[in-house]
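See below for the structure under consideration.
Computed from a predicted model, the values in this text were never measured in an experiment.
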Amino acid sequence: QVQVVESGGGLVQPGGSLRLSCAASGSILAIAAMNWYRQAPGKERELVATVSTGGSTFYADSVKGRLTISRENAKNTVYLQMNSLRPEDTAVYYCNVRAVPRGATNYRDYWGQGTQVTVSS
């Protein structure tokens, strides 16, 4: 079984910074992309950023230049550094890991429980 656990959310003022972390653990053979999604109240879940095994990244237009995704492959961990935060960044942030669990032959999606980020003065 594979577990995904996020941490680092909280309340921050506009213009402030937060760093989210997400660690995957358990019986893992391989991990491909690691992703951050977010879901604001009344809105659909959206992709925020993704990082490949080799370090290639993709960002939603709304966060480019403010959020940075990175990963430590040896620790099966992905980070999201969030700077210049805006009220519209308020959402529950979810980590998504695409991994092959031990005993399987195909990649599967695993999700964390989510961490709340609130940007407010």
Side-chain angles (χ1 to χ4, degrees):
Q1 193 56 276
V2 177
Q3 297 82 39
V4 176
V5 179
E6 304 107 332
S7 60
L11 173 64
V12 64
Q13 293 187 341
S17 298
L18 280 175
R19 189 190 195 209
L20 306 183
S21 299
C22 167
S25 62
S27 299
I28 301 172
L29 285 180
I31 295 179
M34 302 182 82
N35 313 295
W36 286 98
Y37 286 77
R38 67 184 181 188
Q39 187 167 19
K43 294 188 177 181
E44 293 187 354
R45 190 173 297 188
E46 63 174 352
L47 177 65
V48 175
T50 186
V51 58
S52 70
T53 304
S56 298
T57 58
F58 166 83
Y59 296 94
D61 287 342
S62 59
V63 306
K64 282 181 181 176
R66 301 187 299 116
L67 275 57
T68 303
I69 190 171
S70 61
R71 65 190 280 175
E72 285 190 71
N73 290 331
K75 295 183 178 180
N76 292 339
T77 299
V78 62
Y79 306 97
L80 187 66
Q81 178 65 44
M82 303 189 293
N83 299 327
S84 302
L85 284 164
R86 305 167 179 170
E88 53 264 38
D89 294 317
T90 296
V92 178
Y93 283 71
Y94 296 92
C95 177
N96 166 257
V97 175
R98 175 150 288 194
V100 180
R102 197 170 300 277
T105 57
N106 59 307
Y107 282 98
R108 302 174 185 182
D109 282 319
Y110 296 91
W111 293 86
Q113 79 288 352
T115 184
Q116 177 70 47
V117 172
T118 302
V119 184
S120 175
S121 55

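Pairs engaging residues 68-78 under the side chain to side chain donor-acceptor pair (under 3.5 Å) rule: Arg71-Asn73, Glu72-Tyr79 [sequence neighbours left out]. The ring pair (Phe, Tyr, Trp, His ring centres under 6.0 Å) pairs that include a residue from residues 5-30 number zero, where partners must be two or more places apart or lie in different chains. Residue pairs meeting the side chain to side chain donor-acceptor pair (under 3.5 Å) criterion with at least one member in residues 102-111, sequence neighbours excluded: Arg98-Asp109.
Inter-residue side-chain proximity for Val12 and Ser17 is flagged as unmet; no heavy-atom pair is nearer than 4.5 Å. Gln113 places a side-chain heavy atom less than 4.5 Å from the side chain of Glu6. Proximity of Phe58 to Leu47: side-chain heavy atoms (C-beta onward) are separated by under 4.5 Å at one or more points. You'll find the side chain of Leu20 reaches within 4.5 Å of the side chain of Val117, heavy atoms only. Asn96 places none of its side-chain heavy atoms less than 4.5 Å from the side chain of Arg45.
Between Leu67 atom CG and Arg38 atom CZ the span is 7.0 Å, to the nearest 0.5 Å. Of the inter-residue distances, the one linking Ile69 atom CD1 with Ser52 atom OG reads 10.0 Å to the nearest 0.5 angstrom.
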Between Gln116 and Leu11, is a side-chain contact (heavy atoms from CB on, under 4.5 Å) present by the stated rule, with each step listed? CA-CA 8 Å; Gln116 177 70 47; Leu11 173 64; over 6 Å; no

Go through the steps for Val4 and Cys22 under the test side-chain contact (heavy atoms from CB on, under 4.5 Å), then give the verdict. CA-CA 7 Å; Val4 176; Cys22 167; 3.4 Å; yes

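Under the 4.5 Å side-chain heavy-atom criterion for ILVMFWY residues, no single connected hydrophobic cluster contains both Tyr94 and Tyr59. Under a hydrophobic clustering in which Ile, Leu, Val, Met, Phe, Trp and Tyr are joined whenever their side-chain heavy atoms come within less than 4.5 Å, directly or via other members, Val97 and Val2 fall into the same cluster. No path of Ile, Leu, Val, Met, Phe, Trp and Tyr side chains, each step under 4.5 Å between heavy atoms, connects Tyr37 with Val119, placing them in separate hydrophobic clusters.
In plain terms, the two heavy atoms of Cys95 and Val78 that are nearest each other are SG-CG1, 3.7 Å. Closest approach of Ala99 to Ile31, counting heavy atoms only: CB-CG1, 3.9 Å. Among all heavy-atom pairs drawn from Leu29 and Gly103, the shortest one is CD1-N, 4.2 Å. Taking both residues in full, the closest heavy atoms of Thr50 and Ala33 are given as OG1-CB, 4.0 Å, listed atom of the first, atom of the second, then distance. The minimum heavy-atom distance linking Gly9 with Leu18 is given by the pair C-CD1, 4.5 Å. In plain terms, the two heavy atoms of Pro14 and Ser120 that are nearest each other are CD-C, 3.6 Å.
Judged by distance alone, with hydrogens and angles left aside, the side-chain atoms of Ser121 form no donor-acceptor pair with the main-chain N or O of Gln13 at under 3.5 Å.
Counting non-hydrogen atoms of neighbouring residues, nucleotides and ligands closer than 6.0 angstrom, the CD atom of Glu44 reaches no more than 12 such neighbours.
Arg86 and Asp89 are not joined by a salt bridge, as no carboxylate oxygen comes within less than 4.0 angstrom of a charged side-chain nitrogen.
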